[in-house]
Amino acid sequence: MRLGLVSDIHGNGIALDAVLADGKEQGVDEWWALGDLVAIGVEPATVLERLTNLDKPVRFVRGNTDRYVVNTGDRPPPFADDARADPTLVELHATIHASFSWTAAYLEGRDRGWRQWLADLPDEQRTQLPDGTRVLGVHASPKSDDGPGINPYIPAAVLDPLLDGSDADLVVAGHTHVPTDRTACDGRIRAVNLGSVSNPITPDLRACYVVIDADEHGHRVQHRRVAYDHDAVLARIAASSHPAADYISSFQRGDHVMFESDL
């Protein structure tokens with residue numbers, strides 16, 4: 001059994017194609033896509049079409065930014081009241097609203113029912129590996145599709161309550177964009193963050209995903225890094241009508257590095 005796990009694709013078809021090609025070389029026989037599939041990127045429909053047309057089984061989870069696309073009244077901060085209280089936030093508030101509205105309209109225009117498809121996605125996926133390990137896949141944590149999530153730096157006092165009671169031995173998630181492999185809840189739970197396929201916030205700008213290789217004797221979790229053509233992504237962004245094109249491009253340039261090291 002070989003699982004390929006991806007998250008935070010953010011409408012980047014070029015990065016996703018590179019990961020899927022690497023997964024094929026690795027012999028992945030089932031994929032999990034753990035949310036943030038389409039928003040903050042310029043190829044939302046391409047990503048969904050790639051994933052739903054794979055010749056391998058794919059399980060999905062809805063992420064917080066997928067939720068923002070589905071529900072036009074649901075947006076991340078700053079909110080309208082924040083912008084009214086602080087005029088310096090007006091431009092950011094407008095850009096965020098326009099960004100998610102663009103993705104929603106783009107998917108609506110493809111006439112494939114993609115927004116409803118996103119709305120129908122579950123909050124979690126579960127399986128049991130051949131060695132008996134119980135695996136739970138979520139976007140951020142078992143408690144929420146948003147919030148602090150799993151990363152190498154979050155204190156145990158914050159992480160443990162997010163995972164405790166999850167009825168799993170291995171929790172895999174995305175959301176924070178930081179590859180992570182650590183234990184929680186007094187060693188009872190292994191917490192793994194997949195890293196992100198796109199919109200990196202670590203010094204290594206390559207796409208990151210996880211392969212779990214499992215049989216009845218045990219399992220191995222491997223983070224994999226895959227290079228892709230950032231210039232080609234920038235060209236597609238420049239050719240798009242996305243209202244947040246400059247912001248999306250900045251990830252491809254490495255302007256959002258928040259952590260000096262990761263796995």
Do the side chains of [Y] and [X] get nearer than 4.5 Å, heavy atoms only?
X    : Y    : result
D145 : V61  : no
F60  : T52  : yes
D36  : N64  : yes
R188 : D164 : yes
L118 : L37  : yes
T176 : I150 : no

Short side-chain to backbone donor-acceptor contact, [X] and [Y], under 3.5 Å:
X    : Y    : answer
K143 : P161 : yes
H177 : G195 : no
Q125 : R59  : no

Sequence-distant partners of D255, salt bridge (charged side-chain N to carboxylate O under 4.0 Å, His left out), two or more places apart: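 Result, salt bridge (charged side-chain N to carboxylate O under 4.0 Å, His left out) vs D255: R253.
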
Smallest separation among heavy atoms of A104 and V69, with atom names: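 Scanning both residues, the minimum pair turns out to be CB-O, 3.7 Å.
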
Minimum heavy-atom distance between S7 and G174, given as atom pair plus value: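 For S7 and G174, the tightest heavy-atom pair comes out as OG-CA, 3.3 Å.
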
For H97, ring pair (Phe, Tyr, Trp, His ring centres under 6.0 Å) partners two or more places apart: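 Ring pair (Phe, Tyr, Trp, His ring centres under 6.0 Å) list for H97, sorted by chain: empty.
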
Non-neighbouring partners of Y247 that pass ring pair (Phe, Tyr, Trp, His ring centres under 6.0 Å), sequence neighbours left out: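 Y247 satisfies ring pair (Phe, Tyr, Trp, His ring centres under 6.0 Å) with F251, H256 only.
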
Transitive ILVMFWY cluster of F79, excluding itself - 4.5 Å side-chain cut-off: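 None; F79 is a cluster of one.
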
Donor on one side chain, acceptor on other, Y68 and D146, under 3.5 Å: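 Yes.
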
Salt bridge (Lys or Arg N to Asp or Glu O under 4.0 Å) contacts in which one or both residues fall within residues 206-221, not counting sequence neighbours: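 Qualifying pairs, neighbours excluded: R2-D213, D204-R206.
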
Whether W117 and W114 hold their rings parallel, tilted or perpendicular, with breakpoints at 30° and 60°: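 Perpendicular: the ring planes of W117 and W114 meet at over 60°.
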
Aromatic ring pairing W102/H242, orientation class (parallel under 30°, perpendicular over 60°, tilted between):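 Answer is tilted, since the angle falls between 30° and 60°.
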
NZ/NE/NH1/NH2 to OD/OE distance under 4.0 Å, R134 and D169: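 Salt bridge present between R134 and D169.
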
Sequence-distant partners of L54, side chain to side chain contact (heavy atoms under 4.5 Å, CB included), two or more places apart: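 Side chain to side chain contact (heavy atoms under 4.5 Å, CB included) list for L54, sorted by chain: L20, W31, L51, V58.
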
